[in-house]
Structure formats: C-alpha cells, structure tokens
Amino acid sequence: NVCFCERCLAAFRKHAGLSSGVSLTPQAIQNDPVLNKAWIDFALEQSKRMIIKWDQRIAEARPGARLFINGGQATNPRVMTDGRLDWRRILPHIGAGQMFRYIGSPQASATSFHVESLKSLELVEGAAKTPMMAVLTTGYMRVGERMVFNYPELTTLQMVQMAAIG
C-alpha cells in the first residue's frame with residue numbers, strides 16, 4: 001500500500017511543501033516523525049481521492065448505487081497508518097461503511113467489543129450522514145483452499161448480541 005515511484009514522490013513533495021533536497025527514502029520517511037506524519041496525511045488524501053473516483057464510477061455505471069467500504073475500527077490507529085483509511089475523510093463520499101474488529105478467542109469480551117464500537121462510531125460522528133455498522137468476527141484462518149472460522153457459534157452469538165443491543 002506504499003508507492004515510492006517518481007510520480008508519487010513528486011506528489012508527496014508538493015503535498016508536504018518539501019524542497020528537492022529533502023531525502024525521501026522509505027527509511028527517511030519512516031524514521032523522521034515530521035516526514036512520517038506528512039506521508040500518512042498524503043496517503044490518506046490519496047485514498048480519499050481514489051474512493052471518490054470509485055464512488056463516481058459506480059454511480060455512472062449504475063445510477064443510485066454507491067460505494068460501501070469495509071475497514072477496521074476508527075479507534076485502531078493502524079487502520080489509518082497501515083490501512084490508509086480515515087473514516088472521517090471518506091464518509092462524506094461513500095454510500096455506507098462497516099467497521100470490523102477481529103477477536104480470535106472465545107474468552108474475548110463482547111462488552112469490550114461494544115465499547116470499542118461505540119468509541120469508533122463517536123469518533124466519526126458528524127463526519128457525514130452515512131450509514132455505519134460495527135461488525136465483530138472471531139477471526140478465521142486459511143486451511144488449504146478454505147477459510148475456517150475457529151468459533152462459528154461465538155460469532156453467531158456475538159452478531160445476535162450486536163443486533164439486540166443496536
């Protein structure tokens with residue numbers, strides 16, 4: 001999800017207001033806090049522009065249809081840094097969104113999931129009137145060519161809890 005081609009680096013320089021003398025290697029961007037913050041902002045804006053184009057193309061191909069984004073919870077900072085997804089930036093430009101959280105054990109607290117879901121929804125509240133959902137999965141793993149859920153009964157129970165709680 002990171003590109004260091006000449007075109008992207010030139011666009012980043014322009015976005016961040018950097019001179020041509022500033023070294024823009026992956027290591028420099030990762031290790032310099034100012035460059036890293038600017039790079040993340042650049043990447044999030046790039047993602048937003050791409051999402052806007054996708055939504056427009058979907059609407060052109062099928063009037064009334066909109067883009068639906070599935071991504072991690074807004075409370076997880078890695079969603080922005082690794083996933084290049086800032087819910088507040090994209091919500092005005094999509095039809096609906098779904099935040100997910102993976103919990104890989106039956107001991108995981110459904111209560112903590114609900115608390116994190118509410119915090120995530122509060123973080124993006126007011127960004128747009130876009131329908132949002134929070135979804136829990138206990139995770140899965142690949143076994144050969146199949147994806148296998150470790151605890152399907154727990155996933156079902158937690159989905160029912162989510163529907164009951166709202």
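The side chain to side chain contact (heavy atoms under 4.5 Å, CB included) search around Ile58 returns Ala65, Leu67, not counting sequence neighbours. Annotation: salt bridge (charged side-chain N to carboxylate O under 4.0 Å, His left out) contacts of Arg7 (sequence neighbours excluded): none. Scored by the side chain to side chain contact (heavy atoms under 4.5 Å, CB included) test, Gln27 finds Thr25, Asn31 as partners (sequence neighbours excluded). Residues that satisfy the side chain to side chain contact (heavy atoms under 4.5 Å, CB included) test with Ile40, not counting sequence neighbours, are Asn36, Leu44, Thr81. With sequence neighbours left out, Ser19 forms a side chain to side chain contact (heavy atoms under 4.5 Å, CB included) with Val22.
With a 4.5 Å cut-off on side-chain heavy atoms, Ile29 and Phe12 count as touching.
Listed by first and then second residue, the salt bridge (Lys or Arg N to Asp or Glu O under 4.0 Å) pairs that reach into residues 22-46 are Asp41-Arg89, Glu45-Lys48, Glu45-Arg89, sequence neighbours excluded. Each side-chain hydrogen bond (donor to acceptor under 3.5 Å, both in side chains) pair with one or both residues in residues 50-70, not counting sequence neighbours, appears once here: Asp55-Arg66, Asn70-Gln98. The ring-ring contact (aromatic ring centres under 6.0 Å, His included) analysis of residues 55-85, with sequence neighbours excluded, yields no pairs.
Membership of an apolar cluster is not assigned to Ile52, as no side-chain contact below 4.5 Å to another ILVMFWY residue is traced.
Here the shortest heavy-atom pairing between Leu9 and Phe4 reads CD1-O, 3.4 Å.
For the atom pair CD1 (Ile94) and CD1 (Ile51), the distance works out to 7.0 Å, reported to the nearest 0.5 Å. To the nearest 0.5 Å, the span separating CZ on Phe42 from CZ on Arg13 amounts to 11.5 Å.
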